[in-house]
Amino acid sequence: MEALLCRKLGDPTVSLEDNDDSPIVLSKNHPIPQLDSPTAVRVRIKATSLNFANYLQILGKYQEKPSLPFIPGSDFSGFVDAVGSKVSKFRVGDAVCSFAGLGSFAQFIVVDESQLFQVPQGCDLVAAGALAVASGTSHVALVHRAQLSSGQVLLVLGAAGGVGLAAVQIGKACGAIVIAVARGAEKVQLLKSLGVDHVVDLGNENVTQSIKQFLQARKLKGIDVLYDPVGGKLTKESLWLLKWGAHILIIGFASGEIPLIPANIALVKNWTVHGLYWGSYKIHRPGVLEDSLKELLSWLARGLISIHISHSYPLSEANLAFSAIKDRKVIGKVMIVFDEKPTRSKL
């Protein structure tokens, strides 16, 4: 089978044809994984999503550092190819999706049946392959941790990225008033088309001034929930917009700068600061992840949320997929898709 191997740490945007410098290599004759238990299921992968975490992992800058060599990749979708003798939930040919710590940048993957989710009829299978990590992160953060409710004000930073777009849509599904921050006319237009109540274009607007004007016009006291995958200066500016009792969701630091949240102000204003490392729920609260993904698949099938895919590539062009993430060209998700023509964003 074809599989993408990370053989050393480094920049995955380097051309795969540059065998000396590229940390990743396309193996065309990698062994197909065998069923390793009676409840194991082998999936022929249709689509797998690239997340910022995958990029950081190959760079060696992610909190989890697997032993070399390894096959990167996390969330995926596809069809059941083979089942163990005690598998009861799935049959060969079923459409499924899931996520793994490693291994989805390949044509086949083996997981336990307890880790798989049936893709409902009516769901786009490629979209389902982008659901778990980005939408799962946002759903657990907003619904489980911040307990976002109807009428509350949600501020989403980095709103045109994978987790940001998911947060925006989940916020609307929860009945929140959603404010989104992004950069560029195309991203702003997409966010408005999703029904976002107010969009701030970082390229030509002052964030705090624009949001304050919106809040005043709507007679709102401030932000109830801050969803922050960006960090840096933008976080510091956003803190001044939070109301008493607000929730701060720390998702990541795409800006490269880890902000400091003043504990004295958090004390006076009764803020709750949530660190959200979605992957650790698989170990500590697997039931939360299972319930979360089932609800997300239901929402996807009913059209309450959608997955915006701006780029898709074959496995042989994985370096271009990583480049799209590195160069911030992605609006929503970038995918590796098997047996399908690639698509490119207008950006």
Tell me the side-chain hydrogen bond (donor to acceptor under 3.5 Å, both in side chains) pairs involving residues 59-72, sequence neighbours left out?
->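 Every side-chain hydrogen bond (donor to acceptor under 3.5 Å, both in side chains) pair that includes a residue of residues 59-72, provided the two are not neighbours, is Glu64-Tyr277.
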Validation row: [X], [Y] side chains within 4.5 angstrom (heavy atoms):
X      : Y      : result
Leu239 : Ile265 : no
Leu5   : Ile24  : no
Pro286 : Tyr281 : no
Phe117 : Glu290 : yes
Pro314 : Phe338 : no
Ile179 : Asp197 : no
Tyr313 : Leu50  : no
Leu289 : Trp278 : yes

For [Y], is there any backbone N or O sitting under 3.5 Å from a side-chain donor or acceptor partner on [X]?
X      : Y      : result
Ser255 : Val230 : yes
Ser210 : Asn206 : no
Trp271 : Lys243 : yes
Ser104 : Thr48  : no
Gln169 : Ile305 : no
Lys46  : Leu125 : no
Ser77  : Cys97  : no
Gln209 : Val207 : no
Gln152 : Ser149 : yes
Asn319 : Pro12  : no

Would you name the heavy atoms of [X] and [Y] that are closest together and state the gap between them?
X      : Y      : value
Phe52  : Ala254 : CE2-CA, 4.4 Å
Ala128 : Val119 : CB-CG2, 4.0 Å
Pro72  : Ile58  : CG-CD1, 3.9 Å
Thr208 : Glu237 : CG2-O, 3.4 Å
Ser238 : Leu157 : OG-CD2, 3.6 Å
Ala166 : Ala134 : CB-O, 3.9 Å

task: Please report the C-alpha distance between Ile325 and Val334 in whole Å, then the side-chain angles of each, then the deciding distance to 0.1 Å, and finally whether the side chain to side chain contact (heavy atoms under 4.5 Å, CB included) criterion is met.
output: CA-CA 8 Å; Ile325 289 181; Val334 57; 3.6 Å; yes
Note to self: Under 4.0 Å between a side-chain nitrogen and a carboxylate oxygen: does that hold for Arg183 and Asp201?
What the structure shows: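 Salt bridge flag = no for Asp201 with Arg183.
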Rounded to the nearest 0.5 Å, what's the gap from [atom1] on [X] to [atom2] on [Y]? Could you check?
X      : Y      : atom1 : atom2 : result
Ile71  : Ser27  : CD1   : OG    : 8.0 Å
Phe90  : Glu113 : CZ    : CD    : 6.5 Å
Leu202 : Leu234 : CG    : CG    : 5.5 Å
Ile223 : Leu220 : CD1   : CG    : 8.0 Å
Phe214 : Leu155 : CZ    : CG    : 11.0 Å
Thr235 : Asp228 : OG1   : CG    : 3.5 Å

Worksheet item: Is it true that Val181 and Val199 fall in one hydrophobic cluster, defined by side-chain heavy atoms closer than 4.5 Å?
Response: no
For Arg42, the salt bridge (charged side-chain N to carboxylate O under 4.0 Å, His left out) test, sequence neighbours excluded, returns Asp81
For Lys236, the salt bridge (charged side-chain N to carboxylate O under 4.0 Å, His left out) test, sequence neighbours excluded, returns Glu257
Kindly determine whether His139 and His144 satisfy ring-ring contact (aromatic ring centres under 6.0 Å, His included), including the steps that lead there.
CA-CA 7 Å; His139 186 273; His144 178 67; 9.2 Å; no
Check: Do we see a donor-acceptor contact under 3.5 Å between the side chains of Asn51 and Ser74?
Finding: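 Yes, a side-chain donor-acceptor pair sits under 3.5 Å.
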Donor + acceptor pair across side chains of Asp112, Thr39 (<3.5 Å)
yes
**Study point:** Exceeds 12 heavy-atom contacts within 6.0 angstrom, atom CG of Asn29
**Key:**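 It does not: Asn29 CG has 12 such atoms or fewer within range.
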- Take atom CZ of Arg7 as the centre, draw a 6.0 Å sphere, and report whether it contains more than 12 heavy atoms from other residues, nucleotides or ligands. yes
side-chain contact (heavy atoms from CB on, under 4.5 Å) partner of Val41, chosen from Asp94, Val87, Val92 =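 With Val41 as partner, side-chain contact (heavy atoms from CB on, under 4.5 Å) holds for just one option, Val87.
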Exercise for the section: Evaluate the side chain to side chain contact (heavy atoms under 4.5 Å, CB included) criterion for residues His274 and Ile248: first the C-alpha distance (whole Å), next the side-chain angles of each, then the deciding distance (0.1 Å), finally the verdict. Expected result: CA-CA 6 Å; His274 302 271; Ile248 302 170; over 6 Å; no
Discussion item. Using side chain to side chain contact (heavy atoms under 4.5 Å, CB included), reason through Leu293 and Phe99 one step at a time and then give a plain yes or no.
Written reply: CA-CA 10 Å; Leu293 289 178; Phe99 59 94; 3.4 Å; yes
Evaluate Gln57 against Leu102 for side chain to side chain contact (heavy atoms under 4.5 Å, CB included), listing each step before the verdict.
CA-CA 10 Å; Gln57 196 168 53; Leu102 294 169; 3.6 Å; yes
